Amino acid sequence: VQLQASGGGLVLEGGSLRLSCVASGRLSSRYIMGWFRQAPGKEREFVVATSWSGSRTDYADFVKGRFTVSRDNDKNTVYLQMNGLKPEDTAVYYCAVTSTIDPYDRLGKIPPSSYDWGQGTLVTVSS
């Protein structure tokens, strides 16, 4: 599976962006799609993960209520709607895919090393 992320850009604080991640290849319900981000000088961090079936979703605490993940299975695309953006959301955002679920009780605990990665898209939030 190859992933292509897009939709990043420059936005003012409080603004919104929608990121897209198109997956090539066949995806089944067992796959988990994840969004991660990496700010300058910081480690990559988990943002959200969702099962391709939509039955499970897990958000990082710092985006709950602001970010929403959704899928269009017909288009093999996962979206990340980001509202109420803050300067600290500035980062390169990456989408990723994994079939590793066990033995984790939360999708957010799946280690990044288990994912296959797409290229990132830069989100810059100015104050």
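The structure displayed is predicted, hence computed values, not measured ones.
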* Looking at Ala39 and Thr90, what are the two nearest heavy atoms and their distance? ->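 Closest approach of Ala39 to Thr90, heavy atoms only: CB-O, 3.6 Å.
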* Closest non-hydrogen atom pair between Val125 and Lys86, with its separation ->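 For Val125 versus Lys86, the nearest heavy atoms are CB-O, 3.3 Å.
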Output side-chain donor-acceptor pairs under 3.5 Å for residues 16-24, partner residues at least two apart or in another chain, one line each.
| unit_1 | atom_1 | unit_2 | atom_2 | d |
| --- | --- | --- | --- | --- |
| Ser16 | OG | Asn83 | OD1 | 2.9 |
| Ser24 | OG | Gln2 | N | 3.4 |
| Ser24 | OG | Gln2 | O | 3.3 |

What about [X] and [Y], same hydrophobic cluster or not, with Ile/Leu/Val/Met/Phe/Trp/Tyr joined at side-chain heavy-atom distances under 4.5 Å?
X	Y	answer
Tyr59	Phe62	yes
Met33	Ile110	no
Leu122	Met82	no
Tyr115	Val69	no
Val123	Trp117	no

* Tell me, do Glu13 and Ser126 make a side-chain contact under 4.5 Å, heavy atoms counted? ->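 A side-chain contact under 4.5 Å is absent here.
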* Gln119 and Leu3, any side-chain heavy atoms less than 4.5 Å apart ->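 With C-beta onward as the side chain, the pair stays apart.
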Identify whether the distance between the nearest side-chain nitrogen and carboxylate oxygen of [X] and [Y] falls below 4.0 Å.
X	Y	answer
Glu45	Arg37	yes
Asp58	Lys109	no
Asp61	Lys64	yes

* Asked: So, does Thr121 use its side chain to make a donor-acceptor pair with the main chain of Gly8 at under 3.5 Å?
  ->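 Confirmed, Thr121 side chain pairs with Gly8 backbone.
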* Asked: Counting distance only, does the side-chain N/O of Tyr93 pair as donor-acceptor with the main-chain N or O of Ser6 below 3.5 Å?
  ->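 No, Tyr93 side chain to Ser6 backbone: no donor-acceptor pair under 3.5 Å.
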* Asked: Are Phe36 and Phe46 an aromatic pair by the rule of ring centers under 6.0 Å?
  ->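 Between Phe36 and Phe46, the centre distance is under 6.0 Å.
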* Asked: Taking the six-membered ring of Tyr79 as reference, does the NZ or CZ atom of Arg71 fall below 6.0 Å from its centre and within a 45° cone about the axis?
  ->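 Not satisfied by the 6.0 Å and 45° rule.
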* Given Asp116, which of Val97, Thr98, Val1 fulfils the side-chain contact (heavy atoms from CB on, under 4.5 Å) condition? ->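 Option passing the side-chain contact (heavy atoms from CB on, under 4.5 Å) with Asp116: Val97.
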Nearest 0.5 Å, please: how far is [atom2] in [Y] from [atom1] in [X]?
X	Y	atom1	atom2	value
Ser99	Ile32	OG	CD1	9.0 Å
Leu107	Ile101	CG	CD1	7.0 Å
Trp35	Leu80	CH2	CG	6.0 Å
Leu85	Phe67	CG	CZ	5.0 Å

* Asked: With sequence neighbours excluded, what pairs up with Asp74 under the salt bridge (Lys or Arg N to Asp or Glu O under 4.0 Å) test?
  ->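 Testing Asp74 for salt bridge (Lys or Arg N to Asp or Glu O under 4.0 Å), a comparison that skips the adjacent residues, returns none.
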Could you list the donor-acceptor pairs under 3.5 angstrom formed between side-chain atoms of residues 47-55 and any protein atom two or more places apart in sequence or on another chain?
| unit_1 | atom_1 | unit_2 | atom_2 | d |
| --- | --- | --- | --- | --- |
| Thr50 | OG1 | Arg56 | O | 3.3 |
| Thr50 | OG1 | Thr57 | OG1 | 3.0 |
| Ser51 | OG | Ser53 | OG | 3.2 |
| Ser51 | OG | Gly54 | N | 3.2 |
| Ser51 | OG | Ser55 | N | 3.0 |
| Ser51 | OG | Ser55 | OG | 3.3 |
| Ser51 | OG | Arg56 | N | 3.0 |
| Ser51 | OG | Arg56 | O | 3.4 |
| Ser53 | OG | Ser55 | N | 3.3 |
| Ser53 | OG | Ser55 | OG | 3.0 |

